[in-house]
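Let me begin by presenting the structure, written as C-alpha coordinates, before commenting on it.
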Amino acid sequence: MIHILDYGMGNIASLKNALEFLGADVRITSKWTELKKSEKLIIPGVGSFTTAMDRLGQLDLIGAIKELPERKAPVLGICLGMQILADRGYEGGNTPGLGLVPGEVVPFVPESSELIPNVGFNEVEILPTAGDLFKEIASGSYFYFTHSYFFRTDSQGSVTGLAQNGTKFTASVQCEYAFGVQFHPEISQKKGLQLLRNFIEL
Amino acid sequence: MRKKRLIFALLHQDGYFVLSRNFRLQKVGDVNWLIDNYNLAEVVKSIDELAIISVSRNRIIHETYLRDCEIISKVCFTPKIFGGGIASVEDAKRLFDSGADKIIVNSLCFSNSALVSDLVRLFGSQAVVGCLDVLKDKVSGEYKVFVKNGSEVSTLNLRECVAKLDELGVGEIMIQSISQDGTGFGLDLAVVDAVVAEKNTGSRPIVLAGGAGYHAHLAEALAHPNVNAVLTANILNFIGDSLSTTRRDLIDSGIGLAKF
(Lines give C-alpha, C1' and ligand atoms only; values in the text may rest on other atoms or scores of the structure.)
Protein backbone atom coordinates (compact mmCIF):
# COMPACT_ATOMS: atom_id res chain seq x y z
CA MET A 1 0.00 0.00 0.00
CA ILE A 2 1.16 3.53 -0.79
CA HIS A 3 0.17 6.42 1.41
CA ILE A 4 -0.29 9.90 -0.05
CA LEU A 5 0.24 12.57 2.55
CA ASP A 6 -2.64 15.04 2.73
CA TYR A 7 -1.45 18.12 4.59
CA GLY A 8 -3.60 20.67 2.81
CA MET A 9 -0.98 21.74 0.27
CA GLY A 10 -2.35 21.55 -3.24
CA ASN A 11 -4.46 18.97 -4.97
CA ILE A 12 -3.80 15.25 -4.84
CA ALA A 13 -6.47 14.03 -7.25
CA SER A 14 -4.08 13.74 -10.22
CA LEU A 15 -1.56 11.77 -8.17
CA LYS A 16 -4.19 9.40 -6.79
CA ASN A 17 -5.63 8.87 -10.29
CA ALA A 18 -2.22 8.03 -11.75
CA LEU A 19 -1.31 5.58 -8.97
CA GLU A 20 -4.67 3.85 -9.17
CA PHE A 21 -4.40 3.65 -12.96
CA LEU A 22 -1.15 1.75 -12.38
CA GLY A 23 -2.96 -0.63 -10.05
CA ALA A 24 -1.54 0.61 -6.76
CA ASP A 25 -3.45 0.35 -3.51
CA VAL A 26 -3.58 4.00 -2.46
CA ARG A 27 -4.56 5.55 0.81
CA ILE A 28 -4.69 9.27 1.57
CA THR A 29 -3.75 10.16 5.12
CA SER A 30 -2.89 13.01 7.45
CA LYS A 31 -2.53 10.90 10.61
CA TRP A 32 0.79 10.11 12.26
CA THR A 33 -0.62 6.81 13.53
CA GLU A 34 -0.94 5.64 9.90
CA LEU A 35 2.48 7.00 8.92
CA LYS A 36 4.06 4.98 11.71
CA LYS A 37 2.93 1.84 9.90
CA SER A 38 3.34 3.10 6.34
CA GLU A 39 5.46 1.05 3.93
CA LYS A 40 5.73 3.75 1.28
CA LEU A 41 4.86 7.42 1.31
CA ILE A 42 4.41 10.09 -1.32
CA ILE A 43 4.55 13.72 -0.20
CA PRO A 44 2.89 15.91 -2.87
CA GLY A 45 2.52 19.65 -2.55
CA VAL A 46 2.10 23.00 -4.20
CA GLY A 47 2.61 26.20 -2.20
CA SER A 48 5.26 27.71 0.04
CA PHE A 49 7.99 25.87 1.96
CA THR A 50 7.26 27.60 5.25
CA THR A 51 3.51 26.97 5.07
CA ALA A 52 4.19 23.31 4.27
CA MET A 53 6.51 22.83 7.26
CA ASP A 54 4.09 24.72 9.52
CA ARG A 55 1.28 22.38 8.47
CA LEU A 56 3.41 19.29 9.09
CA GLY A 57 4.26 20.70 12.50
CA GLN A 58 0.63 21.42 13.36
CA LEU A 59 -0.35 17.89 12.32
CA ASP A 60 2.57 16.52 14.37
CA LEU A 61 3.85 14.54 11.37
CA ILE A 62 7.50 15.57 11.12
CA GLY A 63 8.88 12.83 13.37
CA ALA A 64 6.77 10.11 11.77
CA ILE A 65 7.86 11.12 8.25
CA LYS A 66 11.55 11.19 9.17
CA GLU A 67 11.30 7.68 10.58
CA LEU A 68 10.18 6.14 7.28
CA PRO A 69 13.53 6.21 5.43
CA GLU A 70 15.29 5.19 8.65
CA ARG A 71 13.29 1.98 8.67
CA LYS A 72 13.90 1.57 4.92
CA ALA A 73 10.39 2.60 3.84
CA PRO A 74 10.74 4.67 0.63
CA VAL A 75 9.52 8.26 0.64
CA LEU A 76 8.96 10.20 -2.59
CA GLY A 77 8.58 13.96 -2.47
CA ILE A 78 7.00 15.63 -5.49
CA CYS A 79 7.52 19.35 -6.28
CA LEU A 80 7.16 21.16 -2.92
CA GLY A 81 7.19 17.68 -1.35
CA MET A 82 10.70 17.24 -2.77
CA GLN A 83 11.82 20.65 -1.62
CA ILE A 84 10.87 20.08 2.02
CA LEU A 85 13.17 17.02 2.10
CA ALA A 86 16.00 19.61 2.27
CA ASP A 87 17.69 20.97 5.40
CA ARG A 88 16.30 24.45 4.89
CA GLY A 89 14.13 26.60 2.67
CA TYR A 90 13.78 30.31 2.08
CA GLU A 91 10.24 30.61 0.69
CA GLY A 92 8.03 32.48 3.14
CA GLY A 93 10.85 32.74 5.71
CA ASN A 94 14.00 30.87 6.70
CA THR A 95 12.64 27.52 7.72
CA PRO A 96 14.17 24.16 8.63
CA GLY A 97 13.01 21.32 6.39
CA LEU A 98 12.80 17.59 7.02
CA GLY A 99 16.56 17.21 6.56
CA LEU A 100 16.29 13.94 4.67
CA VAL A 101 18.42 15.13 1.72
CA PRO A 102 21.28 17.63 2.21
CA GLY A 103 20.59 20.98 0.59
CA GLU A 104 18.54 24.14 0.71
CA VAL A 105 15.72 25.57 -1.35
CA VAL A 106 16.31 28.95 -2.95
CA PRO A 107 14.48 31.10 -5.52
CA PHE A 108 15.32 31.34 -9.19
CA VAL A 109 16.79 34.77 -9.86
CA PRO A 110 15.91 36.73 -13.03
CA GLU A 111 19.58 37.26 -14.00
CA SER A 112 20.21 33.57 -14.59
CA SER A 113 16.71 32.16 -15.22
CA GLU A 114 14.87 31.90 -18.47
CA LEU A 115 11.46 31.73 -16.89
CA ILE A 116 10.00 32.41 -13.42
CA PRO A 117 7.95 30.48 -12.56
CA ASN A 118 9.44 27.67 -14.60
CA VAL A 119 6.32 26.12 -16.14
CA GLY A 120 6.03 23.40 -18.74
CA PHE A 121 7.58 20.20 -20.01
CA ASN A 122 11.38 20.18 -19.64
CA GLU A 123 14.05 17.68 -20.58
CA VAL A 124 15.66 15.92 -17.63
CA GLU A 125 19.28 14.82 -17.81
CA ILE A 126 19.32 11.63 -15.78
CA LEU A 127 22.66 11.12 -14.03
CA PRO A 128 24.52 7.86 -13.33
CA THR A 129 23.59 8.36 -9.64
CA ALA A 130 19.92 7.72 -10.51
CA GLY A 131 18.80 4.32 -9.36
CA ASP A 132 15.72 2.23 -9.87
CA LEU A 133 13.33 5.20 -9.69
CA PHE A 134 14.45 6.05 -13.24
CA LYS A 135 14.49 2.48 -14.52
CA GLU A 136 13.57 2.32 -18.23
CA ILE A 137 13.48 6.11 -18.52
CA ALA A 138 16.00 7.54 -20.99
CA SER A 139 18.04 10.62 -20.15
CA GLY A 140 16.47 13.58 -21.97
CA SER A 141 12.91 12.45 -21.25
CA TYR A 142 10.41 15.25 -20.72
CA PHE A 143 8.64 15.93 -17.43
CA TYR A 144 6.21 18.64 -16.40
CA PHE A 145 7.56 21.34 -14.06
CA THR A 146 5.87 24.24 -12.31
CA HIS A 147 7.95 26.00 -9.62
CA SER A 148 9.75 29.23 -8.70
CA TYR A 149 12.23 27.81 -6.15
CA PHE A 150 14.78 25.06 -6.64
CA PHE A 151 16.84 22.60 -4.61
CA ARG A 152 20.49 23.67 -4.24
CA THR A 153 22.95 21.20 -2.82
CA ASP A 154 26.70 20.67 -2.45
CA SER A 155 26.08 16.97 -2.04
CA GLN A 156 26.60 15.98 -5.67
CA GLY A 157 26.03 12.33 -4.84
CA SER A 158 22.41 13.12 -3.92
CA VAL A 159 21.55 14.69 -7.28
CA THR A 160 20.08 12.16 -9.72
CA GLY A 161 18.71 14.48 -12.41
CA LEU A 162 19.22 17.96 -13.82
CA ALA A 163 17.10 20.30 -15.91
CA GLN A 164 17.62 23.71 -17.51
CA ASN A 165 16.02 27.03 -16.77
CA GLY A 166 18.68 29.39 -18.07
CA THR A 167 21.13 27.53 -15.86
CA LYS A 168 21.05 23.91 -14.72
CA PHE A 169 19.08 23.11 -11.60
CA THR A 170 18.35 19.97 -9.58
CA ALA A 171 15.44 18.02 -11.08
CA SER A 172 15.66 15.01 -8.78
CA VAL A 173 17.46 13.82 -5.65
CA GLN A 174 17.94 10.64 -3.73
CA CYS A 175 19.48 9.95 -0.34
CA GLU A 176 19.08 6.25 0.40
CA TYR A 177 15.33 5.76 0.94
CA ALA A 178 14.38 9.41 0.47
CA PHE A 179 13.57 10.32 -3.14
CA GLY A 180 12.55 13.66 -4.56
CA VAL A 181 11.46 14.94 -7.96
CA GLN A 182 10.95 18.62 -8.70
CA PHE A 183 8.61 17.76 -11.60
CA HIS A 184 5.14 16.22 -11.51
CA PRO A 185 5.30 12.59 -12.70
CA GLU A 186 1.52 12.21 -12.29
CA ILE A 187 0.94 14.63 -15.18
CA SER A 188 4.02 13.86 -17.28
CA GLN A 189 2.47 11.40 -19.73
CA LYS A 190 3.95 7.89 -20.08
CA LYS A 191 7.45 8.71 -18.73
CA GLY A 192 5.83 10.09 -15.60
CA LEU A 193 3.71 6.96 -15.23
CA GLN A 194 6.86 4.86 -15.65
CA LEU A 195 8.52 6.72 -12.79
CA LEU A 196 5.51 6.15 -10.54
CA ARG A 197 5.45 2.49 -11.59
CA ASN A 198 9.11 2.28 -10.59
CA PHE A 199 8.30 3.77 -7.19
CA ILE A 200 5.45 1.30 -6.71
CA GLU A 201 7.87 -1.54 -7.50
CA LEU A 202 10.72 -0.34 -5.23
CA MET B 1 14.78 26.49 -24.44
CA ARG B 2 11.25 26.87 -23.27
CA LYS B 3 8.90 24.45 -25.00
CA LYS B 4 5.74 25.47 -26.82
CA ARG B 5 2.49 23.73 -25.98
CA LEU B 6 -0.40 22.22 -27.83
CA ILE B 7 -3.57 22.40 -25.73
CA PHE B 8 -6.67 20.53 -26.69
CA ALA B 9 -10.03 21.77 -25.42
CA LEU B 10 -13.29 19.96 -24.86
CA LEU B 11 -16.43 22.03 -24.37
CA HIS B 12 -19.01 20.59 -21.99
CA GLN B 13 -22.65 21.60 -21.78
CA ASP B 14 -25.05 19.96 -19.32
CA GLY B 15 -23.90 16.37 -19.76
CA TYR B 16 -22.67 16.56 -23.36
CA PHE B 17 -19.57 17.62 -25.21
CA VAL B 18 -20.20 20.23 -27.85
CA LEU B 19 -18.41 21.98 -30.68
CA SER B 20 -18.46 25.74 -30.97
CA ARG B 21 -18.65 27.78 -34.15
CA ASN B 22 -18.62 31.55 -33.71
CA PHE B 23 -19.77 30.79 -30.16
CA ARG B 24 -22.79 28.74 -31.32
CA LEU B 25 -22.84 25.18 -30.02
CA GLN B 26 -23.45 21.74 -31.54
CA LYS B 27 -23.68 18.48 -29.55
CA VAL B 28 -21.12 15.80 -30.39
CA GLY B 29 -21.54 13.14 -27.70
CA ASP B 30 -21.30 12.26 -24.04
CA VAL B 31 -18.30 11.19 -21.98
CA ASN B 32 -18.70 7.52 -22.92
CA TRP B 33 -18.71 8.39 -26.59
CA LEU B 34 -15.58 10.46 -26.08
CA ILE B 35 -13.71 7.68 -24.31
CA ASP B 36 -14.98 4.68 -26.30
CA ASN B 37 -15.53 5.96 -29.83
CA TYR B 38 -13.20 8.89 -29.89
CA ASN B 39 -10.45 7.01 -27.98
CA LEU B 40 -9.70 10.02 -25.81
CA ALA B 41 -7.15 8.22 -23.58
CA GLU B 42 -4.99 7.63 -26.65
CA VAL B 43 -5.53 11.07 -28.20
CA VAL B 44 -4.41 12.93 -25.05
CA LYS B 45 -1.00 11.27 -25.30
CA SER B 46 -0.22 13.64 -28.16
CA ILE B 47 -1.06 16.90 -26.41
CA ASP B 48 0.66 18.96 -23.72
CA GLU B 49 -2.44 19.91 -21.79
CA LEU B 50 -6.14 19.14 -21.82
CA ALA B 51 -8.75 21.83 -21.17
CA ILE B 52 -12.32 20.91 -20.31
CA ILE B 53 -14.46 24.03 -20.35
CA SER B 54 -18.03 24.19 -19.10
CA VAL B 55 -20.24 26.22 -21.42
CA SER B 56 -23.44 25.48 -19.53
CA ARG B 57 -26.06 28.11 -20.34
CA ASN B 58 -27.04 28.59 -16.72
CA ARG B 59 -23.39 29.42 -15.97
CA ILE B 60 -22.98 27.19 -12.98
CA ILE B 61 -20.63 24.32 -12.27
CA HIS B 62 -22.93 21.49 -13.30
CA GLU B 63 -22.80 18.12 -11.48
CA THR B 64 -22.47 16.30 -14.81
CA TYR B 65 -19.49 18.50 -15.62
CA LEU B 66 -17.66 17.54 -12.42
CA ARG B 67 -18.55 13.88 -12.98
CA ASP B 68 -17.22 13.91 -16.56
CA CYS B 69 -14.07 15.78 -15.53
CA GLU B 70 -13.44 13.10 -12.92
CA ILE B 71 -13.96 10.28 -15.42
CA ILE B 72 -11.57 11.85 -17.94
CA SER B 73 -8.96 12.64 -15.26
CA LYS B 74 -8.65 8.94 -14.55
CA VAL B 75 -7.34 8.28 -18.07
CA CYS B 76 -5.47 11.51 -18.81
CA PHE B 77 -2.00 11.98 -17.32
CA THR B 78 -1.09 15.40 -18.59
CA PRO B 79 -1.89 18.80 -17.02
CA LYS B 80 -5.62 19.54 -17.05
CA ILE B 81 -7.33 22.92 -17.10
CA PHE B 82 -10.95 23.13 -15.94
CA GLY B 83 -13.28 26.10 -15.75
CA GLY B 84 -16.30 27.98 -16.96
CA GLY B 85 -18.75 29.32 -14.42
CA ILE B 86 -16.53 29.46 -11.34
CA ALA B 87 -18.34 31.66 -8.82
CA SER B 88 -16.65 30.85 -5.51
CA VAL B 89 -13.54 29.41 -3.87
CA GLU B 90 -15.63 26.31 -3.19
CA ASP B 91 -16.32 25.91 -6.95
CA ALA B 92 -12.58 26.07 -7.63
CA LYS B 93 -11.91 23.48 -4.92
CA ARG B 94 -14.43 21.14 -6.52
CA LEU B 95 -12.64 21.50 -9.85
CA PHE B 96 -9.26 20.69 -8.27
CA ASP B 97 -10.84 17.72 -6.49
CA SER B 98 -12.19 16.53 -9.85
CA GLY B 99 -8.67 16.45 -11.27
CA ALA B 100 -7.83 20.00 -12.37
CA ASP B 101 -4.22 21.10 -12.24
CA LYS B 102 -5.17 24.62 -13.32
CA ILE B 103 -8.44 26.53 -13.54
CA ILE B 104 -9.50 29.08 -16.12
CA VAL B 105 -11.35 32.31 -15.37
CA ASN B 106 -12.83 34.71 -17.85
CA SER B 107 -15.55 37.29 -17.08
CA LEU B 108 -14.87 36.69 -13.40
CA CYS B 109 -11.68 38.78 -13.69
CA PHE B 110 -13.93 41.80 -14.21
CA SER B 111 -17.16 40.89 -12.40
CA ASN B 112 -15.47 39.65 -9.21
CA SER B 113 -11.78 40.42 -9.31
CA ALA B 114 -11.45 39.98 -5.53
CA LEU B 115 -12.38 36.32 -5.96
CA VAL B 116 -9.76 35.89 -8.70
CA SER B 117 -7.14 37.40 -6.37
CA ASP B 118 -8.22 34.91 -3.69
CA LEU B 119 -7.92 32.01 -6.15
CA VAL B 120 -4.38 33.11 -7.10
CA ARG B 121 -3.43 33.43 -3.43
CA LEU B 122 -4.97 30.10 -2.40
CA PHE B 123 -3.97 27.90 -5.32
CA GLY B 124 -0.94 29.76 -6.68
CA SER B 125 -0.63 31.84 -9.83
CA GLN B 126 0.56 28.79 -11.78
CA ALA B 127 -2.89 27.28 -11.23
CA VAL B 128 -4.96 30.17 -12.62
CA VAL B 129 -5.31 31.01 -16.33
CA GLY B 130 -7.01 34.31 -17.22
CA CYS B 131 -8.90 34.34 -20.51
CA LEU B 132 -10.03 37.23 -22.69
CA ASP B 133 -12.60 36.80 -25.49
CA VAL B 134 -11.80 39.35 -28.17
CA LEU B 135 -13.44 40.51 -31.39
CA LYS B 136 -11.99 42.90 -33.92
CA ASP B 137 -14.31 45.81 -34.62
CA LYS B 138 -14.88 45.85 -38.37
CA VAL B 139 -15.18 49.63 -38.51
CA SER B 140 -12.49 50.89 -36.15
CA GLY B 141 -10.18 47.87 -36.51
CA GLU B 142 -9.74 47.88 -32.73
CA TYR B 143 -10.09 44.81 -30.58
CA LYS B 144 -13.02 44.70 -28.18
CA VAL B 145 -13.14 42.40 -25.18
CA PHE B 146 -16.36 40.48 -24.58
CA VAL B 147 -17.62 39.10 -21.27
CA LYS B 148 -20.43 36.74 -20.17
CA ASN B 149 -19.86 33.99 -22.76
CA GLY B 150 -19.35 36.56 -25.50
CA SER B 151 -22.70 38.25 -24.93
CA GLU B 152 -21.58 41.67 -23.67
CA VAL B 153 -18.83 44.10 -24.55
CA SER B 154 -16.56 44.97 -21.64
CA THR B 155 -16.43 48.59 -20.61
CA LEU B 156 -12.65 48.19 -20.51
CA ASN B 157 -10.52 48.27 -23.65
CA LEU B 158 -7.93 45.62 -24.51
CA ARG B 159 -5.10 47.48 -22.78
CA GLU B 160 -7.11 47.87 -19.58
CA CYS B 161 -8.18 44.24 -19.62
CA VAL B 162 -4.61 42.97 -20.00
CA ALA B 163 -3.54 45.34 -17.21
CA LYS B 164 -6.29 43.86 -15.04
CA LEU B 165 -5.07 40.28 -15.60
CA ASP B 166 -1.54 41.42 -14.79
CA GLU B 167 -2.72 43.08 -11.57
CA LEU B 168 -4.66 39.98 -10.53
CA GLY B 169 -1.51 37.88 -10.91
CA VAL B 170 -2.89 35.09 -13.11
CA GLY B 171 -0.20 32.68 -14.30
CA GLU B 172 -1.07 32.69 -17.99
CA ILE B 173 -3.08 34.85 -20.36
CA MET B 174 -5.31 33.17 -22.90
CA ILE B 175 -6.64 35.16 -25.85
CA GLN B 176 -9.66 33.72 -27.60
CA SER B 177 -10.72 35.20 -30.92
CA ILE B 178 -14.50 35.21 -31.29
CA SER B 179 -14.45 35.95 -35.02
CA GLN B 180 -12.17 32.98 -35.70
CA ASP B 181 -13.82 30.64 -33.18
CA GLY B 182 -14.59 27.23 -34.64
CA THR B 183 -14.16 28.44 -38.20
CA GLY B 184 -10.95 26.56 -38.91
CA PHE B 185 -9.86 29.66 -40.82
CA GLY B 186 -6.62 30.07 -38.85
CA LEU B 187 -5.62 31.76 -35.63
CA ASP B 188 -5.59 35.52 -35.17
CA LEU B 189 -1.92 36.35 -34.75
CA ALA B 190 -2.58 40.09 -34.99
CA VAL B 191 -4.37 40.02 -31.64
CA VAL B 192 -1.26 38.59 -30.00
CA ASP B 193 0.77 41.45 -31.45
CA ALA B 194 -1.84 43.88 -30.12
CA VAL B 195 -1.73 42.33 -26.63
CA VAL B 196 2.06 42.16 -26.50
CA ALA B 197 2.27 45.78 -27.70
CA GLU B 198 0.53 46.77 -24.46
CA LYS B 199 3.75 45.71 -22.68
CA ASN B 200 1.93 44.77 -19.52
CA THR B 201 1.67 41.02 -19.81
CA GLY B 202 4.66 40.51 -17.50
CA SER B 203 6.60 37.40 -18.46
CA ARG B 204 3.41 35.39 -18.67
CA PRO B 205 2.93 32.76 -21.31
CA ILE B 206 0.30 33.67 -23.90
CA VAL B 207 -2.13 31.00 -25.04
CA LEU B 208 -3.89 31.68 -28.33
CA ALA B 209 -7.25 30.10 -29.09
CA GLY B 210 -9.85 30.14 -31.83
CA GLY B 211 -9.59 29.22 -35.47
CA ALA B 212 -7.06 26.39 -35.63
CA GLY B 213 -8.40 23.90 -38.14
CA TYR B 214 -5.36 22.34 -39.66
CA HIS B 215 -1.76 21.51 -39.04
CA ALA B 216 -0.55 24.59 -40.94
CA HIS B 217 -2.51 26.91 -38.61
CA LEU B 218 -0.95 25.35 -35.54
CA ALA B 219 2.53 25.54 -37.09
CA GLU B 220 2.10 29.17 -38.06
CA ALA B 221 0.79 30.22 -34.63
CA LEU B 222 3.32 28.20 -32.61
CA ALA B 223 6.15 29.69 -34.67
CA HIS B 224 5.10 33.18 -33.53
CA PRO B 225 7.67 34.27 -30.90
CA ASN B 226 5.02 35.57 -28.48
CA VAL B 227 2.69 32.59 -28.68
CA ASN B 228 3.63 30.03 -26.04
CA ALA B 229 0.68 27.73 -26.56
CA VAL B 230 -2.17 27.15 -28.96
CA LEU B 231 -5.51 25.87 -27.78
CA THR B 232 -7.78 24.10 -30.23
CA ALA B 233 -11.25 22.73 -29.71
CA ASN B 234 -11.64 21.59 -33.30
CA ILE B 235 -11.57 17.93 -32.34
CA LEU B 236 -13.29 16.50 -35.39
CA ASN B 237 -10.33 17.56 -37.48
CA PHE B 238 -8.11 15.34 -35.41
CA ILE B 239 -9.53 11.84 -35.56
CA GLY B 240 -7.64 8.57 -35.52
CA ASP B 241 -3.92 9.07 -35.22
CA SER B 242 -3.97 12.45 -36.95
CA LEU B 243 -3.13 14.30 -33.73
CA SER B 244 0.00 12.23 -33.11
CA THR B 245 0.98 12.72 -36.75
CA THR B 246 0.35 16.45 -36.41
CA ARG B 247 2.55 16.63 -33.32
CA ARG B 248 5.35 14.77 -35.05
CA ASP B 249 5.07 17.00 -38.13
CA LEU B 250 5.21 20.12 -35.95
CA ILE B 251 8.37 18.85 -34.24
CA ASP B 252 9.89 17.92 -37.63
CA SER B 253 9.15 21.42 -38.93
CA GLY B 254 11.20 22.89 -36.10
CA ILE B 255 8.51 23.79 -33.51
CA GLY B 256 9.95 23.22 -30.03
CA LEU B 257 7.41 20.81 -28.58
CA ALA B 258 8.20 18.24 -25.88
CA LYS B 259 8.73 14.68 -27.10
CA PHE B 260 6.68 12.23 -25.07
Side-chain angles (χ1 to χ4, degrees), chain A residues 6 8-22 28 44-48 51 79-80 91 108 110 113-124 138 140-149 163-166 183-197, chain B residues 1-7 41-42 44-50 66 69-82 92-103 121-129 169 171-172 202-205 207 228-229 244 247 251 256-260:
Chain A
D6 178 9
M9 299 300 288
N11 88 83
I12 48 186
S14 287
L15 180 58
K16 180 171 179 279
N17 285 337
L19 291 167
E20 287 181 345
F21 176 80
L22 295 168
I28 294 168
V46 176
S48 104
T51 313
C79 197
L80 178 62
E91 186 178 14
F108 281 125
S113 308
E114 199 181 326
L115 193 65
I116 307 172
N118 176 36
V119 180
F121 280 93
N122 252 317
E123 285 171 274
V124 174
S141 291
Y142 286 82
F143 292 93
Y144 187 81
F145 289 81
T146 173
H147 61 124
S148 304
Y149 282 68
Q164 280 272 2
N165 180 26
F183 50 83
H184 288 267
E186 72 278 18
I187 47 174
S188 293
Q189 301 277 21
K190 66 180 179 197
K191 303 290 169 56
L193 291 178
Q194 180 63 42
L195 187 137
L196 291 175
R197 189 180 290 118
Chain B
M1 181 48 208
R2 182 175 181 184
K3 296 296 163 195
K4 303 245 171 167
R5 292 172 291 154
L6 194 54
I7 306 176
E42 202 50 43
V44 293
K45 289 178 183 167
S46 298
I47 58 171
D48 293 277
E49 297 180 25
L50 176 71
L66 293 170
C69 283
E70 256 176 61
I71 292 170
I72 291 171
S73 294
K74 289 187 197 301
V75 296
C76 173
F77 305 106
T78 202
K80 289 166 291 295
I81 312 167
F82 297 168
K93 274 190 183 141
R94 293 202 294 165
L95 295 183
F96 286 113
D97 287 344
S98 302
D101 300 290
K102 312 181 195 184
I103 53 173
R121 186 173 48 78
L122 288 167
F123 302 105
S125 65
Q126 86 293 335
V128 184
V129 180
E172 300 177 39
S203 57
R204 290 178 183 80
V207 182
N228 181 253
S244 67
R247 186 176 188 91
I251 291 171
L257 293 173
K259 294 170 193 158
F260 298 129

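Order of the sequence lines fixes the chain letters, A, B, ..., with proteins taken first and strands second; residue numbering starts at 1 for each chain.
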Exercise for the section: Verify the ring-centre separation between F183(A) and Y144(A): is it less than 6.0 angstrom? Expected result: no

Practice task
Pick one of side chain, backbone, both or neither for E186(A), based on which atoms fall under 4.5 Å of a heavy atom in chain B.
Solution key: backbone

Handout entry: Salt bridge present between D48(B) and R247(B) (N-O < 4.0 angstrom)
Key = yes

Practice task
Measure D97(B) against the heavy atoms of chain A and call it side chain, backbone, both or neither at under 4.5 Å.
Solution key: backbone

Problem - Point-to-point distance, once rounded to the nearest 0.5 Å, from CG of D101(B) to CZ of F82(B) - result: 7.5 Å

Handout entry: Engaged part of K93(B) at the chain A interface, taking heavy atoms whose separation is under 4.5 Å
Key = neither

Completion exercise
Under 4.5 Å to a heavy atom of chain A? For A100(B) that would be backbone

Fill in the blank from the handout: Highest number of heavy-atom pairs under 4.5 Å with chain A among G124(B), G99(B), P79(B) belongs to P79(B)

Exercise for the section: Kindly write out the residues that satisfy side-chain contact (heavy atoms from CB on, under 4.5 Å) with Q126(B), not counting sequence neighbours, or none if the list is empty. Expected result: V46(A), T146(A)

Exercise for the section: Under the salt bridge (charged side-chain N to carboxylate O under 4.0 Å, His left out) rule, collect the residues that match up with R94(B), sequence neighbours excluded. Expected result: E63(B), D91(B)

